[in-house]
Amino acid sequence: MSESQLRADIVEIGRRMYARGYTASNDGNISVRLGTDRLLMTPKSVCKGFMTPDMMCITDLDGRKLQGERDPSSEALMHLEVYRQRPDVQAVVHAHPPTATGFAVAGIPLDRAVLAEVLTTLGSIPIAEYATPSTKELPEAVRKYIKAHDGMLLANHGALTVGIDLYSAYYKMETIEHFAHISLVARMLGRENLISRDEVLRLQELRGTYGIKSPAPICADPEQEAADCQVVQAPESTGSRLVPDTDSPPSLAARVAASYGGTPAGASQEAGEIRLTYRELSQLIEDAVRTLRHG
Ligand SMILES: [Zn+2]
């Protein structure tokens, strides 16, 4: 692909990331291999939503600037480390998509077997240890997972994805944010059904059938090291492919009821879930406010 096309693709992806709220202000960075020994990279301190093709920097594989009026991205070290560890990777995208970054802040990895398409593409999405942005701590934190994963969360920071070209790296960022959003909704609803271990193995085989390239196999054995394979949490099951997760956090309504001292009159309870009507919930909140004021 020509250099001018790659410049145009970086501009377009930056615009999409900014439009979707994956970055605010000057956050985020994007890079792509330019031949065998150079990188084309977004510059430091520009909003990714308003870039022009001439703004990009060209560096060597040690991060030395070869061309461009602006300096390379402040996270260049992280990008360089990815290219060093993964000769197959052609492009790297980093952003702070809010739902995925919320999981990264909460310290909750996206590693549950929940969506078949996420399992076949990314496998699992671990969290790289917290590191000070722009320092060489960040590439060190990323190094642990990058050999086996095409996407990861960065603790209290954001997310990182890689791919065989710019768009494949960017689409993985979309997948991570979309998956994080779905996981959040399911957890707010108070119930998550997980894909069984056998079904996860079947999905792993599908990767071969559909020619989905992945740096490591999916594995449902929690004892396995996440540096060697994509460890997902999938329950054992005899026969059924979806298994209700017994570790799901209780729903909001159940938590409200519990903090209020049990099931309110009129609320129905089945299978550990408490359902409240809107009126019951409003009543609970009003009562709680009244108690706080007068207590
Ligand atoms: Zn960042």
Side-chain angles (χ1 to χ4, degrees), residues 9-33 39-51 55-57 59 62-63 65 68 70-86 89-110 122 125-146 149-163 166-181 184:
D9 286 351
I10 292 180
V11 168
E12 178 60 24
I13 287 168
R15 202 177 283 150
R16 289 185 195 201
M17 292 207 305
Y18 186 64
R20 295 178 74 104
Y22 293 2
T23 59
S25 179
N26 297 339
D27 300 342
N29 26 75
I30 306 163
S31 69
V32 63
R33 283 191 202 268
L39 301 174
L40 185 66
M41 191 180 291
T42 51
K44 194 180 267 182
S45 310
V46 298
C47 177
K48 304 306 166 294
F50 299 94
M51 295 186 295
M55 285 183 178
M56 308 308 157
C57 294
T59 72
D62 293 316
K65 186 167 90 171
R70 295 160 189 264
D71 285 333
S73 160
S74 52
E75 296 297 7
L77 293 175
M78 175 169 72
H79 290 243
L80 294 168
E81 183 64 24
V82 173
Y83 292 114
R84 218 169 278 139
Q85 300 291 333
R86 292 280 302 274
V89 162
Q90 295 295 319
V92 177
V93 171
H94 164 59
H96 307 163
T99 310
T101 304
F103 277 81
V105 169
I108 303 171
L110 292 163
L122 283 155
I125 302 147
I127 307 181
E129 230 172 82
Y130 179 74
T132 308
S134 84
T135 67
K136 56 178 197 304
E137 280 178 21
L138 196 54
E140 277 163 24
V142 162
R143 194 178 302 145
K144 177 171 176 194
Y145 294 114
I146 196 61
H149 298 84
D150 280 347
M152 69 185 78
L153 304 177
L154 309 174
N156 290 55
H157 182 169
L160 174 74
T161 52
V162 304
L166 278 165
Y167 277 94
S168 93
Y170 167 67
Y171 286 137
K172 282 173 201 160
M173 187 63 75
E174 280 195 356
T175 299
I176 288 182
E177 178 63 357
H178 198 228
F179 180 37
H181 196 164
L184 178 65

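Just so you know, these numbers come straight off a predicted model, no measurement behind them. Indexing begins at 1, ligand by ligand and atom by atom, following the structure's order. Index from 1, following the sequence.
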Side-chain polar contacts of residues 152-160 - donor-acceptor pairs under 3.5 angstrom, sequence neighbours left out - could you list them?
{"unit_1": "His157", "atom_1": "NE2", "unit_2": "His94", "atom_2": "NE2", "d": "3.1"}
{"unit_1": "His157", "atom_1": "NE2", "unit_2": "His96", "atom_2": "NE2", "d": "3.2"}

Run the side-chain donor-acceptor check on residues 125-134: report pairs under 3.5 Å with partners two or more places apart or on a different chain.
{"unit_1": "Thr132", "atom_1": "OG1", "unit_2": "Glu137", "atom_2": "OE1", "d": "3.3"}

(Q) Using modelled atom types and a 3.5 Å cut-off, is there a donor and acceptor pairing between side-chain atoms of Thr161 and backbone atoms of Ala169? (A) yes
Q: Mind running salt bridge (Lys or Arg N to Asp or Glu O under 4.0 Å) on Glu174 and Arg16 for me, showing each step along the way?
A: CA-CA 10 Å; Glu174 280 195 356; Arg16 289 185 195 201; 5.4 Å; no
Q: At a cut-off of 2.8 Å, list the protein N/O/S atoms near the Zn ion (ligand 1), residue plus atom name.
A: His94 NE2, His96 NE2, His157 NE2
Q) Under the side-chain contact (heavy atoms from CB on, under 4.5 Å) test, which residues partner His181, sequence neighbours left out? A) Thr99, Val185
Q. Once the angle between the rings of Tyr167 and Tyr171 is folded into 0 to 90°, is it parallel (under 30°), tilted (30 to 60°) or perpendicular (over 60°)?
A. tilted
